[in-house]
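Below, chain A is the first sequence line, B the second, and so on; all start at residue 1. Side-chain atoms are counted along with the backbone in the values below, which use heavy atoms only and exclude waters and symmetry mates.
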Amino acid sequence: MNVFQSLKSSGAELNSVVYNTVLDACVECSKLEKAEAWMEQMKKDGMSDVVSYNTLIKAHLQAGHMGKARALVEEMRVAQLQPNCITFNEIVNATVSSPDRRVRAEVWKVIQEMQAAGVKPNQVTCSILLKNLNGSSPESDINHTMQLINDMEEQLDEVLLSSVVEACVRIGKPDLLNTKLRQLMSGDIKVNGSHTFGSLIKAYGHARDMKSVWRCWKEMRTRHIKPTSITVGCMIEAVVSNGDPDGAWHLIQELGEDPHCKGILNAVIYCSVLKGFTREKNAGKVWSVYEEMQKRNIDLSIVTYNTLLDCCARCCRMDGVPDILADMKKANIKPNIITYSTMLKGHCQVGDLSAAFKLVKEMREEAGLVPDEIMYNSLLDGCAQSSLVDEGLRVLREMEEAGVKPSNFTLSVLVKLMSRARRVDQAFDLVKELSGKYHLSPNSHVYANLVQACCFSKQLQRGIKTLEEMMERKVQPDKRTYSMLFRTAVQQCQFDKVDGLMRGALGLSGALPFLSNRSLATCPGIEEVAVSETLSSMASSPEGNKVAAGLLVDLRKEKPSVRVDPTVQRCVLQGGQPPQSWTQERRSSKGKGRALVFAP
DNA sequence: GTAGGGTTAG
């Protein structure tokens, strides 16, 4: 205001740009009333224009006042000022980022309104819409947004390219991500920003395309585009999550020797590699990374410490916990609920439930924290792992009394708890009771565990009945669900059941009637695991082999694209015995005995 | 002078 006044008194000619700058200053400082008063002044001085209105609209939207923003758009029209692309983009942005689901659902109406006003959606509009897409977005929203991008007159720019790949990653459909990456990268958009390189590296990482990840990284480096901490964070995370923490660690050390880059290494970057070594259960390497972080004077956050504690938990090295807690204390960082929850999981992992319960007590007393849903889930899971049914039920009651709402995750853990104790009826009862009480619709994980409970106690028919219920409730089964049913049916020599189930799972003719809805009954990835596994295990009895042969013939006829291992084909079609390695069950490396691994 | 993009923990 002072600068404006001195400009005015200097006698210089004032224009709307100067007035608008003052208005924006009010808005950026969240002085809504001042902004409104200033706008009135501008109108009096004849200085208000489209930009002024857009700026004031921004202020109302920041304050969450969609109605006031709308009223200003009307006022613009009355004042013969046409709302432009920026006006509508502000409204679109506020719509998609509204906390209210009903407002978010209105976004396509706003777009229509924009088009009706003769304003074409542009790159900015599209990137705003993309921000709204995630794993639970309806197919129609995804298609609609992508169509709008295709229909756009302008070329894609760098920000939009980055927004598209980011959205594809969040949506989580690998095919879509791959298609878009290919489509975008075949165009001639020159990538210059470290932002964009970060997004691309992340996207290629999710697509498991490490060749392209490294290609992007090297291109960025050879063109001397300086990565930021976040770019490096994306890169290290991509390398680690594709199973190469050593490669990531090597890259960090290389950057640490580069005088231009060593300053950008931060705790987030180190965190990814800590996580990677933890997954490999290599506590030794975790400690050496931690040592180097300390040597380099990296600022550690609560996240870093929690990651280190997670290493202790997952590597079953709870002896390392006291040192880390002491370091936290030295750094003046207070443990939060995640800290306690991580340690709790570690105690559960090694079957030390009394330490787990003691920790909860400590947390309440020393930190004044109360357990949340995730913590209760971990406790329940610990009880399930240790087959402590009554303790588990007590935890559930406590959870309810504390007003912590169970989720489907909770239900799935409870089913596991009951399943272990062979209390199949109670597993079903609990799901029924809690899903009613808390308005939950059981998801595929809950059902998978129910099916597992049935199979575990040799109640094949009940397992199949549960699958039927899944179809009625429109829940798509996963590979595990089918795999358990196939295996149990084969063990019980119920080959007609195997036949009907397998045809349903693969979308072949002759499926059990309730599996006739193909898009619901089939499940991606079923071919690789269940077909080879089940067909070969059936081949060892003549009756089973007959069914297996029929399945194989129809599979090749109706789904020629499905690849079946030649060894399996030979042993089924020639009626031979499968090689030893195909029928031998092996426990998965985690020792939880869930997945069956067959070594060809 | 007004609108859009990237990283870590239970």
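- With contacts defined as side-chain heavy-atom distances shorter than 4.5 Å, the pair A/M39/A/Y53 qualifies.
- Within the 6.0 Å centre-distance limit, the rings of A/W38 and A/F4 are counted as a close aromatic pair.
- Between the side chains of A/T87 and A/N89, no donor-acceptor pair is found at a separation under 3.5 Å.
- A/N306 and A/T342 share no donor-acceptor pair across their side chains, judged by distance under 3.5 Å alone.
- In this structure, A/R208 has no salt bridge (charged side-chain N to carboxylate O under 4.0 Å, His left out) partners at least two apart in sequence or on a different chain.
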Where along nucleotides 2-7 of chain B does protein come under 4.0 Å, by heavy atom, of base (B) or sugar-phosphate alone (S), with - for untouched nucleotides? BBBBBB
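- Taking the centre and axis of the six-membered ring of A/F197, the NZ or CZ atom of A/R223 falls outside the cone set by 45° and 6.0 Å.
- Shown for residues 298-309 of chain A: residues whose heavy atoms fall under 4.0 angstrom of DNA chain B, namely A/V303, A/N306, A/T307.
- A/I324 has its CD1 atom 13 Å from the C1' atom of B/dA9, to the nearest Å.
- Nucleotide B/dA9 holds its C1' atom 15 Å from the OH atom of A/Y290, rounded to whole Å.
- A/H65 is linked by a ring-ring contact (aromatic ring centres under 6.0 Å, His included) to nothing, counting only residues two or more places apart in sequence or in another chain.
- Under the rule for a side chain to side chain contact (heavy atoms under 4.5 Å, CB included), the partners of A/T410 that lie at least two apart in sequence or sit in another chain are A/E373, A/N377, A/L380, A/M399, A/P406, A/S407, A/L414.
- Contact annotation: the side chain of A/V110 never approaches that of A/M114 to less than 4.5 Å [non-hydrogen atoms, C-beta and beyond].
- DNA chain B is contacted by A/N336, A/I337, A/I338, A/S341 of residues 329-341 of chain A, taking any non-hydrogen atom closer than 4.0 Å.
- The pair A/E113-A/K109 does not count as a salt bridge, with every side-chain nitrogen at least 4.0 angstrom from each carboxylate oxygen.
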